[in-house]
Amino acid sequence: MRAQAELQRDLVLVGGGHSHALVLRMLAMNPIAGLRITLVSPASHTPYSGMLPGLVAGHYRFEQTHIDLSRLCQWAGVRFIASEVTALDPAARELTLLGRPPINYDLLSIDIGSQPELDSVPGARAHSVPVKPVAGLWQRWRELESRLQQAHTSHRVTVVGGGAGSVELALAMAHRLAQRPVAIALFCGAPQILQGYNRRARSAVMAALARHGVELHVDSRVARVEDEAIVLGDGSRHVYDDLFWCTGAAAAPWVAASGLACDERGFLLVDDSLRSVDDAAVFGAGDIASQFNHPRPKAGVYAVRQAPALAHNLRASLMGRPLRQHRPQQRFLSLLSLGDRQATADRAVFSASGRWVWHWKDRIDREFMGRFETLPAMEAGAGADALPGALEPAAKPHCGGCGAKVGATGLSAVLAALHGEFPEQVADPASGDDAVPIPGVAGETVLQSLDLLRQLVADPWLMGRIAANHALSDLYACGARPLSALAAITLPFAAGSLLERDLQQVLAGALYEFAKVDCILAGGHSMQGPELQLGFAVNGQLVADRALPKRGARPGDVLILTKPLGTGVLFAAHMQQGADGRDVAAAIEMMLQGNALAAELAAGAAVSACTDITGFGLLGHLLEMLLPGQGAALDLAGLPTLPGATALLAAGVRSTLHETNRASAQAALAGTAAAQEAPAQILFDPQTSGGLLLAAAPDRASELVASLCQGGYAQARVIGAVTAGPPAGRATVSLTWPPGGDRPLSGPALRAVVPRLSPPPHRRRPGRPQSLFVNRDRRGS
């Protein structure tokens, strides 16, 4: 994550289309000091339209055909907000987002593409699968493939269209399903398919449709769609099992609803500089925009060609410089996939077909995607342009979230020394808990805790939610009900208007979580600094019969973890542009899941000990739970992990706090060979807004895990058991061995020591289960 200069203005890009992906790359290579860029897009990955038929046909993997916007934004120093715009207010310069507070902009660019026109045909929206958004199409296609693997009867797939997109989709499906009992039909309302293509290219496509057994119906305009059949204008009915809709392009309705000038179909009207014809603060590119002086058909090639002009004009608009004019070409080369590894080329009177054309197209597509797969190293410092009042950027920051905490060993040593000097003012760190009673409060037990985080995600609303959940978790780990909170916020240096925008987003995110549990935000303190830092002091009421002690586990108790591990390594990789955006999204989703219900279920099951897993990692917090003379057996193969975390650890990626956590546990790990293996590294990974670690009686464990899973903690599972260790001496960790045995405890012998609910086979990682024996004769920090 590259540190920014003092922020002065907000540039918001709506949509992750081809133009914006290229614009982000161009602006990042020559950044503007003082400018904050935000990309708003519904998902972390955006498809490259030229390779989608190849994806459906099975020629490419998902990663080869999609741009990872999360990774691109991280590299470019751009805020990424995974959401959908539902409204635009140009007067207020405000965008309404789905399910979260609106955001403001100083300069706006829209590149959201188009969508199939569904509403002109009754029933089409209710019964068909539109080809856009592609995420929905890909999910439905995968579901169809899965169903067909189990089917033994004939299946009917219908595609409605007639343009290049529908033809390529029908041929790709036919190639992929060639060995299945599937009949594919393409319905076109025009007298012929591929209007505007030359005769030779059209003939090549017709031959490919016949070769793949696709039944073509021309002059067959659909009048209405029923649950299992399309009805044509002549009244004939054609039955289908799955219907895919790929007709003419339509615009998102919120664009025209904004009051900005649009064409007759609702597409944003822009001038030759790609700026809205009636709002100088709004630009548009790709399918969503129509150039007033040079109307063109909707095609991805135009969006790619617009990118250099758009990047130049966004910069020029911010710097008060002249804008560049963009004149789109009259004709362009069209390369259409023919299902198998063949393609046809069309431009004016030129046409060619064959395998060599497909390889030509494949090389062009891979070269385009290569711009986003291998991103150049970014030099620190701003570019040549700077907005007025911008300061020099700071050095590159370390990990955010709990990866930025002070290590356990150093913290414990400092607190122990201060406790010796100020015994009445500093609590004994050996007896510390997740939250502590407030002295002097009579009549009820009120606990207090404090947690602060450095920026972990660039989206301030999400950061507010994560920080609130993270702080409340300490109360839940003690069994307390939240009462109130005080905020401590450091916002990045910025102009006053941007400070207000950030403060509103951060606090709105926190209040979104506090409102769920009736926690009052009573006040707080805010200031400016080099980066976003956010935390909350939280208070909660402890109900005696629902209290969850941190220590008190008994030998034989089962250890249960409620949420998966891996946030530290994932976000360390994300900072280095090495994490998949889908894995980052899964980690964020996990961090947004609160621990309130888990704590309630734990109290109902009368667990003997509970703590939450945060910065010191699973092993560090487990050691805090154990009393002198206790140990624990852990099943490494059974630890739930976030997608991508294990592979990143095996590749050597580490969070900033990882090695400190490992060193702190070194004494306890003496003589344990498995501690050096890749699966054991997850034990030291610092977690942000992690799950609860529970010690429960063996006869209550199965019921508790089942209740947790039903309550939404899908990866809750038994990970080990508390054991009795040597009564004195230094804490040690070693592989457990069966009596008289000569190999590590595993399989049935391990399950005898660690009664657990085996995760389903698809959740198990490959390899032999490993067990660690953790012995504890002193409290950790």
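For this chain, numbers begin at 1 and follow the sequence in order. Any value given below was found using the heavy atoms of this structure, including those in side chains, with hydrogens, waters and symmetry copies removed.
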Got a donor-acceptor contact below 3.5 angstrom from the Trp75 side chain to the Arg25 backbone?
no
Set of side-chain contact (heavy atoms from CB on, under 4.5 Å) partners for Ala537, sequence neighbours left out
Leu450, Leu486
Mind running side chain to side chain contact (heavy atoms under 4.5 Å, CB included) on Met463 and Leu456 for me, showing each step along the way?
CA-CA 7 Å; Met463 194 63 214; Leu456 188 67; 4.0 Å; yes
Under the 3.5 angstrom rule, does the side chain of Lys563 hit a backbone N or O of Ile613 as a donor-acceptor pair?
no
Are side-chain heavy atoms of His658 and Gln681 found at a separation under 4.5 Å?
yes
Tell me whether Asn661 contacts the main-chain N or O of Gly615 through its side chain, where contact means a donor paired with an acceptor under 3.5 Å.
yes
Euclidean distance, Arg717 CZ relative to Leu708 CG, rounded to 0.5 Å:
12.5 Å
Hey, what do you get for CG (Leu475) to CG (Leu548), rounding to the nearest 0.5 Å?
11.5 Å
Side-chain donor/acceptor of His18 to backbone N/O of Gly286, under 3.5 Å:
no
Given side chains that start at C-beta, do those of Ile103 and Val40 come closer than 4.5 Å, heavy atoms only?
yes
Rounded distance (nearest 0.5 Å) linking atom SG of Cys519 with atom CG of Leu511:
9.0 Å
Hey, does the side chain of Thr641 reach the backbone of Gly566 with a donor-acceptor pair shorter than 3.5 angstrom?
no
Nearest heavy-atom approach of Pro492 to Asp502 is CD-OD2, 4.4 Å
So, the side chain of Gln576 versus the backbone of Ala572: is there a donor-acceptor pair under 3.5 Å, distance only?
yes
Can you check side chain to side chain contact (heavy atoms under 4.5 Å, CB included) on Arg71 and Leu375, steps first, answer last?
CA-CA 10 Å; Arg71 175 174 175 262; Leu375 297 169; 3.9 Å; yes
Working to the nearest 0.5 Å, report the span between CG of Asn469 and OG1 of Thr688.
12.0 Å
Do Cys73 and Leu24 make a side-chain contact, defined as non-hydrogen atoms from C-beta onward lying under 4.5 Å apart?
yes
Any side-chain heavy-atom pair of Asp451 and Val538 under 4.5 Å:
no
Taking the cut-offs as 6.0 angstrom to the six-membered ring centre and 45 degrees off its axis, would you call Arg465 and Trp461 a cation-pi pair?
yes
Smallest heavy-atom separation, Cys610 atom then Ala477 atom, equals SG-O, 3.5 Å
Of the non-hydrogen atoms in Ala285 and Ser19, which two are nearest, and what is the gap between them?
CB-OG, 3.7 Å
Considering all heavy atoms, the nearest Val584-His574 contact:
CG2-ND1, 3.8 Å
Decide yes or no on side chain to side chain contact (heavy atoms under 4.5 Å, CB included) for Tyr105 and Val282, but give the supporting numbers first.
CA-CA 10 Å; Tyr105 63 86; Val282 179; 4.1 Å; yes
Rounded distance (nearest 0.5 Å) linking atom NE2 of His20 with atom OG1 of Thr46
11.0 Å
Before giving the answer on side chain to side chain contact (heavy atoms under 4.5 Å, CB included), spell out for Arg654 and Asp685 the whole-Å C-alpha distance, their side-chain angles and the decisive distance to 0.1 Å.
CA-CA 8 Å; Arg654 300 289 185 267; Asp685 191 55; over 6 Å; no
Can you give each donor-acceptor pair under 3.5 Å made by side-chain atoms of residues 85-97, sequence neighbours left out, with the distance rounded to 0.1 Å?
{"residue": "Thr86", "atom": "OG1", "partner": "Thr96", "partner atom": "O", "Å": "3.3"}
{"residue": "Asp89", "atom": "OD1", "partner": "Ala91", "partner atom": "N", "Å": "3.1"}
{"residue": "Asp89", "atom": "OD1", "partner": "Ala92", "partner atom": "N", "Å": "3.3"}
{"residue": "Arg93", "atom": "NH1", "partner": "Asp106", "partner atom": "O", "Å": "3.2"}

Answer yes or no: is there a side-chain heavy-atom contact under 4.5 Å between Gln687 and Leu565?
yes
Between Tyr48 and Phe372, is the gap from one ring center to the other below 6.0 Å?
no
Which heavy atom in Ser655 sits nearest to a heavy atom in Gly568, and how many Å separate them?
CB-O, 3.6 Å
Can you classify the ring geometry of Phe62 versus His45 as parallel (below 30°), tilted (30 to 60°) or perpendicular (above 60°)?
tilted
Is there a side-chain contact between Ile489 and Leu507, using heavy atoms and a 4.5 Å cut-off?
yes
Please tabulate, one pair per line, all N/O donor-acceptor pairs under 3.5 Å involving side-chain atoms of residues 590-602, not counting sequence neighbours.
{"residue": "Gln593", "atom": "NE2", "partner": "Gly712", "partner atom": "O", "Å": "2.9"}
{"residue": "Asn595", "atom": "ND2", "partner": "Ser473", "partner atom": "OG", "Å": "2.9"}
{"residue": "Asn595", "atom": "ND2", "partner": "Gly690", "partner atom": "O", "Å": "3.0"}

In terms of heavy-atom contacts, Leu318 and Leu35 come closest through CD1-CD2, 3.5 Å
For a 4.5 angstrom cut-off between non-hydrogen side-chain atoms, does Met575 reach Gln74?
yes
Return the CG to CG distance between Leu310 and Leu27, rounded to the nearest 0.5 Å.
8.0 Å
So, do Asp10 and Asn104 sit near enough that their side-chain heavy atoms are less than 4.5 Å apart?
no
